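Just so it is clear, the model here is predicted, and its values are computed rather than measured. Along the sequence shown, residues carry numbers from 1.
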Amino acid sequence: MSYPFQPVLKRQTLDQLTAYFRSIAAQFPDSRFGDNIQYTMEEVGLSAFCVFFMQSASFLEFQRTLQSAKGCNNASAVFGLDRIASDNHIRSMLDRVPPCELSSMYQAILAALDSGGHLAAYRSTRDDLL
């Protein structure tokens, strides 16, 4: 299987991985309709993706604090997010997305880690990935 980024874990790859995830999240099913749409599914999905990198009890509050103190925040600087949905809104929107929507992203990340030798210690004696 071919992925849109080189399986080497560097800054360039993070940008490629983020762009790939954006394209996946933009296609998440969205049951909303009308004018009551403040954030796109891409923004919601990417906000959730950011949480794994910026571990904080309240991702949004942490980013707001950074913005106030430093004049910028990680969600914007690292992931290119201009707006961040609230934690509750992110959960509410993503609860509706079937896990299979993330299968290709999971496989891409796994392939990147595996090709870089980062998963060697997680292989069984039969070479199965644990």
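Proximity of a side-chain donor or acceptor of Ser92 to a complementary backbone N or O of Asn88 within less than 3.5 Å is not detected. A distance-only check finds no donor-acceptor pair linking the side chain of Glu42 to the backbone of Ala25 [under 3.5 Å]. Within the 3.5 Å criterion, the main-chain N or O of Pro98 finds no donor-acceptor partner in the side chain of Glu101. In this structure a side-chain-to-backbone donor-acceptor pair under 3.5 Å is missing from Ser103 to Cys100. The main-chain N or O of Gly45 is never found under 3.5 Å from a side-chain atom of Arg22 such that the two would form a donor-acceptor pair. Here the side chain of Ser76 pairs no donor or acceptor atom with the backbone of Gly80 at under 3.5 angstrom.
The CZ atom of Phe79 lies 11.0 Å from the CG atom of Asn73; values are rounded to the nearest 0.5 Å. Interatomic distance, Lys70 NZ to Thr65 OG1, rounded to the nearest 0.5 Å: 12.0 Å. Here CZ of Phe28 is found 4.5 Å from CG of Leu102. Values are rounded to the nearest 0.5 Å. To the nearest 0.5 Å, atoms CD1 (Ile37) and CG (Asp30) are separated by 5.5 Å. Rounding to the nearest 0.5 Å places CE of Met93 at 3.5 Å from CZ of Arg32. The CG atom of Leu129 lies 10.0 Å from the OH atom of Tyr122; values are rounded to the nearest 0.5 Å.
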Mind running side-chain contact (heavy atoms from CB on, under 4.5 Å) on Gln63 and Asn74 for me, showing each step along the way? CA-CA 7 Å; Gln63 298 308 302; Asn74 292 328; 3.5 Å; yes
Starting from the C-alpha separation in whole Å, work towards a yes-or-no answer on side-chain contact (heavy atoms from CB on, under 4.5 Å) for Ile24 and Ser104. CA-CA 9 Å; Ile24 291 171; Ser104 64; 3.4 Å; yes
Chi angles and distances behind the side-chain contact (heavy atoms from CB on, under 4.5 Å) call for Leu110, Leu119: CA-CA 9 Å; Leu110 190 62; Leu119 299 180; 3.5 Å; yes
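Put simply, the side chain of Val44 does not reach to within 4.5 Å of the side chain of Phe49, judged on heavy atoms. Considering only heavy atoms from C-beta on, Ser31 comes within 4.5 Å of Arg96 through its side chain. Annotation: side chain of Glu43 is in contact with side chain of Leu81 (closest heavy-atom distance under 4.5 Å).
By the 30° and 60° cut-offs, the orientation of the rings of Tyr39 relative to His89 is tilted.
Between Ile90 and Ala85, the shortest heavy-atom distance links the atoms CD1-O, 3.6 Å.
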